[in-house]
Amino acid sequence: MSAGAINRQHIRRLVYMDMIIKNGTVVTASDMFKADIGIENGKIVEISGKIDESLAKHVVDAEGKLILPGAIDAHTHLAMPFGGTISSDDYYAGTRAAACGGTTTVFDFVLQDFGETMVDAVKRRDKLCAGAAAVDYSYHVAVKDVSGELLDSIEDCVKFGVPSFKVFMVYDFGVTDGVFYKVLKKAKECGALIGVHAENNEIINTLTSEFLAEGKTSAWYHYMSRPEFVEAEADTRAIQWAKAVGTKLYIVHLANKDGLAAVTKAKDEGYEIYAETCPQYLEFTCDVYKREDGRNFVCSPPMKGEESRQALWEGIKRGDIDTIATDHCPFQSYEKDWGKDDFTKIPNGCAGIENMYPYMLSAANEGKLPFTKVVEICSTNPAKIFGCKEKGSLAIGKDADIVIYDKNIDFTITNDKMHSDCDHTIWEGIKLKGYPVQTYSRGRLVYDNGKFVGEKGWGSFVKCKID
């Protein structure tokens with residue numbers, strides 16, 4: 001062996017980690033403890049009470065701060081077409097904002113075209129995302145067409161690394177009951193997970209027509225056309241079909257009390273039913289639609305009444321709500337203004353990708369939830385449910401997706417502090433106790449004390465496998 005080789009080995013023994021994060025409190029889904037974390041080649045390689053600083057090239061002191069796994073936002077709509085426009089955040093802007101809020105993996109929805117296989121839909125969308133995303137990403141496929149051999153392409157997509165799909169019970173591209181049933185059966189055969197946007201389309205259309213005919217066109221009537229029971233009925237129906245087929249079901253953006261009760265009942269009966277809710281349903285009620293800027297809050301499902309808001313918090317505490325995601329799909333204020341005199345013309349969607357983790361962590365900091373519960377529902381559970389096995393927790397061998405959080409920062413959300421391309425935020429003026437100070441994506445610093453310091457295209461496609 002040459003002298004040079006021996007010297008390199010000697011150096012390797014002395015400095016074998018790229019970075020150590022020291023002196024912080026590590027938070028997992030089940031525990032909090034003081035520890036140092038060692039990182040090499042983008043992976044966590046050591047967690048122990050004290051790691052010798054001389055063993056790393058770079059040391060970060062997290063004294064007095066929490067060390068958390070990066071959040072996973074399992075529900076986003078980046079560069080999403082809607083009624084002749086497109087959501088304001090492309091894959092770079094959206095993932096940049098995610099990084100600055102402590103979210104290190106995003107799942108975006110790919111809307112399948114008619115006649116298109118599920119894998120081709122993913123590849124088409126990935127051409128927009130690859131080279132643009134600032135953090136890691138994966139996809140769900142929103143199913144439109146299962147004619148001919150397209151139903152079987154669900155299995156091909158599972159093998160490709162995208163095993164999660166979504167059906168819409170609403171909109172003109174939503175599926176029929178029969179197609180929904182076929183998709184559930186195919187999912188059981190090939191191990192896919194089906195998510196559902198559950199609202200009763202016929203009742204929405206009927207109520208909308210009635211309100212427009214009566215000249216009731218303000219943003220308030222967006223909510224009135226989609227009140228509590230419109231969502232609850234569809235939640236219950238979707239759960240019944242999944243139970244009948246014997247396959248698992250994931251209900252996206254659950255926002256109502258009675259739908260949550262149906263989830264609780266199914267879980268108590270032993271069925272594998274998952275529920276996701278969003279921060280906007282935890283913070284706001286339908287009263288926002290009475291505001292002068294009410295159209296900015298228009299999303300579907302809309303925010304509901306106070307009883308539903310409180311029920312969602314209780315569902316999180318009980319464990320009946322499994323995940324928090326954002327449904328991030330913002331539009332510029334001038335686009336929201338298109339519906340000033342007709343709520344049906346308001347583009348549906350709000351910003352939230354940068355606000356989810358700070359908002360939920362603030363709730364923990366204020367004593368509403370344990371920090372461990374926030375890690376569970378914002379990181380660990382999404383990783384388990386959707387099969388991104390290298391994400392979701394601080395453990396040896398996992399990706400070094402890490403957030404350093406300062407509990408002592410008082411932070412007021414204003415749009416000028418956000419990193420989205422949207423010109424407004426529904427979270428304007430919301431006060432948070434505590435805030436992330438750094439975000440690491442696979443060991444690389446991408447957010448540092450208010451500034452994005454990452455790189456366009458850094459993000460990698462995460463192929464998933466559901467057990």
J.: Quick one: CD on E202 to CD on E233, what's the gap to the nearest 0.5 Å?
T.: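 The distance works out to 11.0 Å.
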J.: Check the angle between the aromatic planes of W220 and Y223 and answer parallel, tilted or perpendicular using the 30° and 60° thresholds.
T.: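 W220 vs Y223 ring planes: tilted.
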J.: Would the distance check show the side chain of E272 and the main-chain N or O of T247 forming a donor-acceptor pair, the cut-off being under 3.5 Å?
T.: no
J.: What I'd like to find out is whether the side chain of I426 reaches to under 4.5 Å of the side chain of E283, using heavy atoms alone.
T.: no
J.: Would you sort out whether N408 and K65 count as a side-chain contact (heavy atoms from CB on, under 4.5 Å), showing the intermediate values?
T.: CA-CA 9 Å; N408 297 316; K65 299 178 178 64; over 6 Å; no
J.: Quick test of your reading of the model: are D322 and K267 salt-bridged, counting only N-O distances below 4.0 Å?
T.: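 K267 and D322: salt-bridged.
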J.: Backbone N or O of P302 within a donor-acceptor pair of the K304 side chain at under 3.5 Å?
T.: yes
J.: Can you tell me if K123 has over 12 outside heavy atoms packed within less than 6.0 Å of its NZ?
T.: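 Open.
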J.: Could you tell me whether K182 atom NZ has more than 12 heavy atoms of other residues or ligands within 6.0 Å of it?
T.: no
J.: Are D448 and K451 ion-paired here, with the side-chain N under 4.0 Å from a carboxylate O?
T.: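 Answer for the salt bridge query: no.
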J.: To the closest 0.5 Å, what do you measure between NZ (K290) and OG (S218)?
T.: 10.5 Å
J.: Please test Y139 against D126 for side chain to side chain donor-acceptor pair (under 3.5 Å), starting from the C-alpha separation and ending with a verdict.
T.: CA-CA 9 Å; Y139 301 104; D126 196 50; 2.7 Å; yes
J.: So, D89 side chain and S420 main chain: donor-acceptor pair closer than 3.5 Å or not?
T.: no
J.: Step by step, work out the side-chain contact (heavy atoms from CB on, under 4.5 Å) result for L312 and I321.
T.: CA-CA 8 Å; L312 294 174; I321 289 177; 3.7 Å; yes
J.: With a 3.5 Å distance limit and no angle check, can you tell me whether D145 reaches the backbone of V143 through a side-chain donor-acceptor pair?
T.: no
J.: Are P227 and V230 packed together at the side-chain level, in the sense that at least one heavy-atom pair is separated by less than 4.5 angstrom?
T.: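 Yes, close enough: below the 4.5 Å cut-off.
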J.: Any chance NZ of K384 has more than 12 other-residue heavy atoms, nucleotides or ligands included, within less than 6.0 Å?
T.: no
J.: Would a distance-only check, ignoring hydrogens and angles, find a side-chain to backbone donor-acceptor pair under 3.5 Å from T372 to S30?
T.: no
J.: When you look at CD of E307, are more than 12 heavy atoms from neighbouring residues, nucleotides or ligands closer to it than 6.0 Å?
T.: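 Incorrect, the count does not exceed 12.
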J.: Do you see a donor-acceptor pair shorter than 3.5 Å between the side chains of N381 and T323?
T.: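 Short answer, no.
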J.: Checking side chain to side chain contact (heavy atoms under 4.5 Å, CB included) between Q438 and each of L445, I402, V403, which is the one that passes?
T.: L445
J.: Taking the six-membered ring for Trp, are F297 and H222 closer than 6.0 Å centroid to centroid?
T.: no
J.: Would you find a donor on one side and an acceptor on the other, under 3.5 Å apart, between the side chain of S138 and the backbone of V462?
T.: yes
J.: Does any part of the side chain of L78, heavy atoms only, come nearer than 4.5 Å to the side chain of Y137, both counted from C-beta?
T.: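 Of all side-chain heavy-atom pairs linking L78 with Y137, none is under 4.5 Å.
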J.: Working to the nearest 0.5 angstrom, can you tell me the gap between L254 CG and C278 SG?
T.: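 The distance works out to 9.5 Å.
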J.: Within the supplied structure, the quantity of interest is the number of heavy atoms (other residues, nucleotides, ligands) at a distance under 6.0 Å from Y181 OH; does it exceed 12?
T.: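 Counting neighbours around OH of Y181, 12 or fewer heavy atoms of other residues, nucleotides or ligands fall under 6.0 Å, so no.
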J.: Do T104 and D399 touch side chain to side chain, with heavy atoms closer than 4.5 Å?
T.: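 Not in contact.
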J.: Under 3.5 Å, is there a donor-acceptor pair between the side chain of K391 and the main chain of I72?
T.: no
J.: Determine the minimum heavy-atom distance between P69 and V27, stating which atoms define it.
T.: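 Residues P69 and V27, closest heavy atoms: CD-O, 3.4 Å.
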J.: Report yes or no: does S379 contribute a side-chain atom to a donor-acceptor pair with the main-chain N or O of E376 at less than 3.5 Å?
T.: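 No, because the side chain of S379 does not come within donor-acceptor range (under 3.5 Å) of the backbone of E376.
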J.: Can you give me the closest heavy-atom contact between G259 and A232, atom names plus distance?
T.: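 G259 and A232 have their closest heavy atoms at N-CB, 3.8 Å.
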J.: Ignoring hydrogens, what is the shortest heavy-atom contact between K248 and A192? Give both atom names and the distance.
T.: CE-O, 3.9 Å
J.: Per the ring pair (Phe, Tyr, Trp, His ring centres under 6.0 Å) rule, which among F331, F107, F109, Y91 passes with H77?
T.: F109
J.: Are K417 and Y435 in a cation-pi setup, meaning NZ or CZ lies under 6.0 angstrom from the ring centre and within 45 degrees of the ring axis?
T.: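 Checked: cation-pi criterion not met.
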J.: Assess whether a salt bridge exists between E214 and K216, defined as any Lys/Arg side-chain N lying under 4.0 Å from an Asp/Glu carboxylate O.
T.: yes
J.: Between Q310 and E314, is there a side-chain donor-acceptor contact under 3.5 Å, judged purely by atom types and distance?
T.: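 E314 vs Q310: no donor-acceptor pair found between side chains.
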J.: Step through it carefully: locate the ring centre of Y357, locate the ring centre of Y405, and say whether they are under 6.0 Å apart.
T.: no
J.: Would one find more than 12 heavy atoms of other residues, nucleotides or ligands at under 6.0 Å from atom CD of E292?
T.: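 For E292, atom CD is not crowded (no more than 12 foreign heavy atoms under 6.0 Å).
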J.: Using the side-chain contact (heavy atoms from CB on, under 4.5 Å) rule, take Y281 and C299 through it: C-alpha gap first, then chi angles, then the decisive distance, then the call.
T.: CA-CA 11 Å; Y281 303 128; C299 58; 4.1 Å; yes
J.: Heavy-atom distance under 4.5 Å between the side chains of P279 and N355, does that happen here?
T.: no
J.: If only atom types and distance count, is the side chain of D401 paired as donor or acceptor with the main-chain N or O of R442 below 3.5 Å?
T.: yes
J.: Between the side chain of S87 and the main-chain N/O of M80, is any donor-acceptor distance below 3.5 Å?
T.: yes
J.: Below 4.5 Å, heavy atoms only, C-beta onward: do E228 and D258 meet side chain to side chain?
T.: no
J.: Could you tell me the separation between the NE2 atom of H253 and the CD atom of Q280, rounded to the nearest 0.5 Å?
T.: 9.5 Å
J.: Give the C-alpha distance, both sets of side-chain angles, the deciding distance and a yes or no for side chain to side chain donor-acceptor pair (under 3.5 Å) between D108 and T76.
T.: CA-CA 5 Å; D108 197 56; T76 72; 2.9 Å; yes
J.: Is the closest basic N to carboxylate O distance between D337 and R295 below 4.0 Å?
T.: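 So D337 pairs with R295 through a salt bridge.
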J.: Would you sort out whether T103 and D73 count as a side chain to side chain donor-acceptor pair (under 3.5 Å), showing the intermediate values?
T.: CA-CA 7 Å; T103 290; D73 190 344; 5.6 Å; no
J.: Side chains of T206 and E210 only: does a donor on one sit below 3.5 Å from an acceptor on the other?
T.: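 Checked: T206/E210 side chains show no N/O donor-acceptor pair below 3.5 Å.
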J.: Please report the C-alpha distance between R96 and D421 in whole Å, then the side-chain angles of each, then the deciding distance to 0.1 Å, and finally whether the salt bridge (Lys or Arg N to Asp or Glu O under 4.0 Å) criterion is met.
T.: CA-CA 10 Å; R96 178 184 65 210; D421 277 351; 2.9 Å; yes
J.: Let's go through K336 and I346 carefully: what are the C-alpha distance in whole Å and the side-chain angles of both, what is the deciding distance for side-chain contact (heavy atoms from CB on, under 4.5 Å) to 0.1 Å, and is it a yes or a no?
T.: CA-CA 5 Å; K336 289 285 192 176; I346 304 171; 3.7 Å; yes
J.: Might you work through the side chain to side chain donor-acceptor pair (under 3.5 Å) test for Y274 and E276, ending with a clear yes or no?
T.: CA-CA 7 Å; Y274 301 107; E276 161 197 293; over 6 Å; no
J.: Mind checking the CG-CD1 spacing from L249 to I194? Nearest 0.5 Å is all I need.
T.: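 Going from the CG atom of L249 to the CD1 atom of I194 covers 8.5 Å.
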J.: State, yes or no, whether a side-chain contact exists between T208 and F343 at a heavy-atom distance under 4.5 Å.
T.: yes
J.: Measure the NZ-NZ distance between K373 and K368 for me, rounded to the nearest 0.5 Å.
T.: 14.5 Å
J.: Would you say that Y359 contacts L432 through its side chain, given a criterion of any heavy-atom pair below 4.5 Å between the two side chains?
T.: yes
J.: Any idea which heavy atoms bring A234 and E199 closest together, and the distance?
T.: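 Looking at all heavy atoms of both residues, the closest pair is CB-N, 3.3 Å.
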